[in-house]
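Scroll down for the structure; my scribbles are underneath it.
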Amino acid sequence: MKCIYCGSEESKVLDSRAGEDVIRRRRECLSCGRRFTTYEKAEIIPFLIIRRDGSKQSYQREKLLASIQRSCLKRNISENQIKEIVDNIEKNVQNRFLEQISWQELAQLVLKELKKIDFIAFVRYATFVQNFDIETFKEFVSKL
């Protein structure tokens with residue numbers, strides 16, 4: 001790690017602390033003796049979403065988060081639970097080393113996570129994703 005004061009690449013780690021998304025490291029430069037803090041975050045390999053029309057779009061965490069938040073509106077689901085759902089989905093895709101994923105497969109991952117937490121949010125998301133008409137919706141709910 002380069003010292004921010006003298007530019008030397010020789011430093012030692014004095015203290016490390018893990019945060020939610022980052023690791024905070026307190027360092028000391030071996031050349032000038034000054035101390036500085038670095039923050040390290042694991043890089044997420046970007047992947048593409050294959051949309052309904054066949055076009056490809058880069059994955060945007062905020063969009064997925066917003067769609068899940070809409071289905072969880074006025075439900076007893078915390079913001080942390082929603083973020084945990086998105087984290088689990090991202091880990092799932094990353095662990096499978098996928099460079100692209102269809103919107104249907106991504107929606108199924110969301111539904112799987114929502115079903116564990118809240119049935120109403122699960123049904124809301126399913127209706128949002130599937131574009132049900134009334135009869136198909138009745139069939140879907142009766143199967144559940």
Side-chain angles (χ1 to χ4, degrees), residues 1-133 136-137 139-141 143-144:
M1 184 62 60
K2 234 180 198 182
C3 174
I4 59 172
Y5 302 108
C6 70
S8 171
E9 292 189 18
E10 299 294 322
S11 66
K12 68 178 180 179
V13 176
L14 301 174
D15 182 38
S16 290
R17 294 188 186 185
E20 268 189 47
D21 295 337
V22 296
I23 298 173
R24 177 186 174 272
R25 297 198 196 279
R26 191 73 180 140
R27 298 178 180 270
E28 182 177 357
C29 177
L30 297 177
S31 295
C32 68
R34 295 185 75 180
R35 294 181 177 186
F36 58 98
T37 303
T38 59
Y39 297 91
E40 299 173 19
K41 184 174 183 173
E43 182 179 19
I44 296 174
I45 300 168
F47 56 93
L48 299 174
I49 305 295
I50 303 170
R51 298 175 61 177
R52 292 177 199 231
D53 62 1
S55 65
K56 295 178 182 177
Q57 177 183 21
S58 62
Y59 167 74
Q60 295 173 12
R61 179 183 174 94
E62 297 77 28
K63 278 183 137 179
L64 183 60
L65 202 56
S67 69
I68 296 171
Q69 286 170 333
R70 270 180 267 150
S71 66
C72 296
L73 194 64
K74 295 186 181 179
R75 301 298 302 157
N76 193 19
I77 301 172
S78 71
E79 199 62 34
N80 286 337
Q81 285 177 299
I82 295 171
K83 287 180 182 177
E84 191 175 310
I85 289 171
V86 174
D87 290 342
N88 290 343
I89 291 167
E90 287 176 345
K91 285 177 193 171
N92 185 313
V93 173
Q94 295 291 328
N95 289 342
R96 293 167 40 199
F97 299 105
L98 296 175
E99 292 178 6
Q100 55 189 23
I101 185 171
S102 69
W103 70 269
Q104 296 101 327
E105 193 174 351
L106 187 65
Q108 289 304 315
L109 293 173
V110 173
L111 289 171
K112 183 178 167 185
E113 292 291 324
L114 281 175
K115 195 172 190 178
K116 295 177 196 173
I117 294 175
D118 187 83
F119 182 73
I120 301 297
F122 165 78
V123 171
R124 284 179 180 171
Y125 197 84
T127 56
F128 168 70
V129 170
Q130 301 295 335
N131 270 340
F132 289 128
D133 61 16
T136 315
F137 178 70
E139 288 175 30
F140 174 75
V141 173
K143 288 179 186 176
L144 297 174

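Keep in mind it's a predicted model, so treat the numbers as computed, not measured.
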Original post:
Less than 4.5 Å apart, any side-chain heavy atom of S8 and any of C29?
Top reply: yes
**OP:** Grab the two heavy atoms, one from L114 and one from F122, that are nearest each other, plus how far apart they are.
**Re:** CB-CA, 4.0 Å
Original post:
When rounded to the nearest 0.5 angstrom, what is the spacing between CD1 in I120 and CZ in R75?
Top reply: 5.0 Å
Subject >> Residue pairs, two or more places apart or on separate chains, that pass side-chain hydrogen bond (donor to acceptor under 3.5 Å, both in side chains) and touch residues 62-72 >> reply: Q69-E79
**OP:** Calculate, to the nearest 0.5 Å, the distance between atoms CG and NZ belonging to N88 and K116 respectively.
**Re:** 6.5 Å
**OP:** Using the six-membered ring wherever Trp is involved, compare the ring planes of Y5 and F36 and label them parallel, tilted or perpendicular (cut-offs 30° and 60°).
**Re:** perpendicular
**OP:** Can you measure from CD1 (I49) to CD (E105) and round to the nearest 0.5 angstrom?
**Re:** 9.5 Å
Subject >> Approximate separation, where rounding is to 0.5 Å, of I101 CD1 and N92 CG >> reply: 7.0 Å
Subject >> Carboxylate-amine/guanidinium proximity below 4.0 Å for E113 and K91 >> reply: no
Subject >> Value rounded to 0.5 Å, distance of CD in Q108 from CH2 in W103 >> reply: 9.0 Å
Original post:
Q81: what forms a side-chain contact (heavy atoms from CB on, under 4.5 Å) with it, not counting sequence neighbours?
Top reply: I77, S78, I117
Subject >> salt bridge (charged side-chain N to carboxylate O under 4.0 Å, His left out) contacts in which one or both residues fall within residues 8-18, not counting sequence neighbours >> reply: D15-R17
**OP:** For residues R27 and S11, report the shortest heavy-atom separation together with the two atoms involved.
**Re:** NH1-OG, 3.8 Å
Original post:
OH of Y59 to CG of L98: how many Å apart, nearest 0.5 Å?
Top reply: 13.0 Å
